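Below you'll find the structure, written out as structure tokens, and then a few comments.
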Amino acid sequence: QVQLAESGGGLVQPGGSLRLSCTIHGSIWRYNAMAWYRQAPGKQRELLATVYPTGPTSYADAVKGRFTVSRDNGMNTLYLQMNNLKPEDTAVYYCKGRRDDSEDWGQGTQVTVSS
């Protein structure tokens with residue numbers, strides 16, 4: 001059974017915005033942490049943001065001030081709002097749920113930033 005699924009990717013011009021969604025079977029708090037990652041072609045997977053049940057969200061320097069993580073009121077969806085997108089943001093974006101001894105990954109959604 002698919003536990004996580006990303007959606008919302010697409011083609012956007014530089015300076016534009018997209019909102020990605022990660023839908024979770026059950027509650028996001030079946031995990032002790034959630035995170036957004038991305039992977040550009042030929043590059044290592046890059047951690048963008050980490051979300052905990054308590055405490056603030058942590059953002060990578062590359063996206064701080066441009067990307068924002070939020071949750072829906074039912075705690076079944078994690079969002080990544082991406083503003084002022086740049087060509088270097090082009091990548092496949094993934095969400096991850098982490099437990100003490102395991103982790104779940106979504107299938108990824110493609111974001112392409114190009115004029």
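Note that these values count all heavy atoms, side chains included, but never hydrogens, waters or copies made by symmetry. Worth saying up front: this structure is predicted, and the values here are computed from it rather than measured.
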Exercise for review: Output, in order, the C-alpha distance, side-chain angles, deciding distance and verdict of side chain to side chain contact (heavy atoms under 4.5 Å, CB included) for T57 and T50.
Suggested key: CA-CA 6 Å; T57 299; T50 304; over 6 Å; no
Practice item. For W36 and E6, run side chain to side chain contact (heavy atoms under 4.5 Å, CB included): C-alpha distance rounded to whole Å, both residues' side-chain angles, the deciding distance at 0.1 Å, then the answer. Key: CA-CA 10 Å; W36 282 100; E6 304 94 337; 4.0 Å; yes
Exercise for review: Test side chain to side chain donor-acceptor pair (under 3.5 Å) on Y52 and N32 and set out the steps.
Suggested key: CA-CA 7 Å; Y52 300 96; N32 56 28; over 6 Å; no
Point to revise | side chain to side chain contact (heavy atoms under 4.5 Å, CB included) assessment of M34 paired with L4 | key: CA-CA 11 Å; M34 298 288 299; L4 306 174; 4.2 Å; yes
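For the atom pair SG of C22 and CG of L80, the computed distance is 10.0 Å after rounding to the nearest 0.5 Å. Summarising the geometry, atom CG belonging to N83 is positioned 6.5 Å from atom OG1 belonging to T68; distances are rounded to the nearest 0.5 Å. One finds the OG1 atom of T23 at 9.5 Å from the OH atom of Y79 (value rounded to the nearest 0.5 Å). Going from atom CZ of F67 over to atom OG of S17 covers 9.5 Å, rounded to the nearest 0.5 Å. If you take CG on L20 and OG on S7, they are separated by 8.0 Å, rounding to the nearest 0.5 Å. In this structure, the separation between CD1 on I24 and SG on C95 is 6.0 Å, given to the nearest 0.5 Å.
Legend: residues meeting side chain to side chain donor-acceptor pair (under 3.5 Å) with R19, ordered by chain and number and at least two apart, are absent. Not counting sequence neighbours, the partners of Y37 by the side chain to side chain donor-acceptor pair (under 3.5 Å) test are K96.
The hydrophobic cluster containing M82 does not contain V92, counting ILVMFWY residues as joined when their side-chain heavy atoms lie under 4.5 angstrom apart, directly or transitively. A continuous path of hydrophobic side-chain contacts links V63 to V12 [ILVMFWY only; heavy atoms under 4.5 Å]. Clustering ILVMFWY residues whenever any of their side-chain heavy atoms sit less than 4.5 angstrom apart, transitively, puts L78 in a cluster other than the one holding Y94.
Applying the salt bridge (charged side-chain N to carboxylate O under 4.0 Å, His left out) test to every pair with at least one member in residues 43-54, sequence neighbours left out, gives these pairs: R38-E46. Listed by first and then second residue, the salt bridge (charged side-chain N to carboxylate O under 4.0 Å, His left out) pairs that reach into residues 65-78 are R66-D89, sequence neighbours excluded.
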Only distances under 3.5 Å count here; give the side-chain donor-acceptor pairs of residues 108-115 to other protein atoms, sequence neighbours excluded, each with its distance to 0.1 Å.
from	atom 1	to	atom 2	distance (Å)
T109	OG1	G9	N	3.1
Q110	NE2	A91	O	3.4
Q110	NE2	T112	OG1	3.4

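L11 shares a hydrophobic cluster with no other residue; no ILVMFWY side chain has heavy atoms under 4.5 Å from its own.
Across all non-hydrogen atoms, the minimal contact from Q3 to Y31 is CB-OH, 3.6 Å. Minimum interatomic distance between Y59 and A49 (heavy atoms only, all atoms of both residues): CD2-CB, 3.8 Å.
By the neighbour-count criterion of 12 heavy atoms within 6.0 Å, atom CD of E88 is densely surrounded, having more than that number from other residues, nucleotides or ligands.
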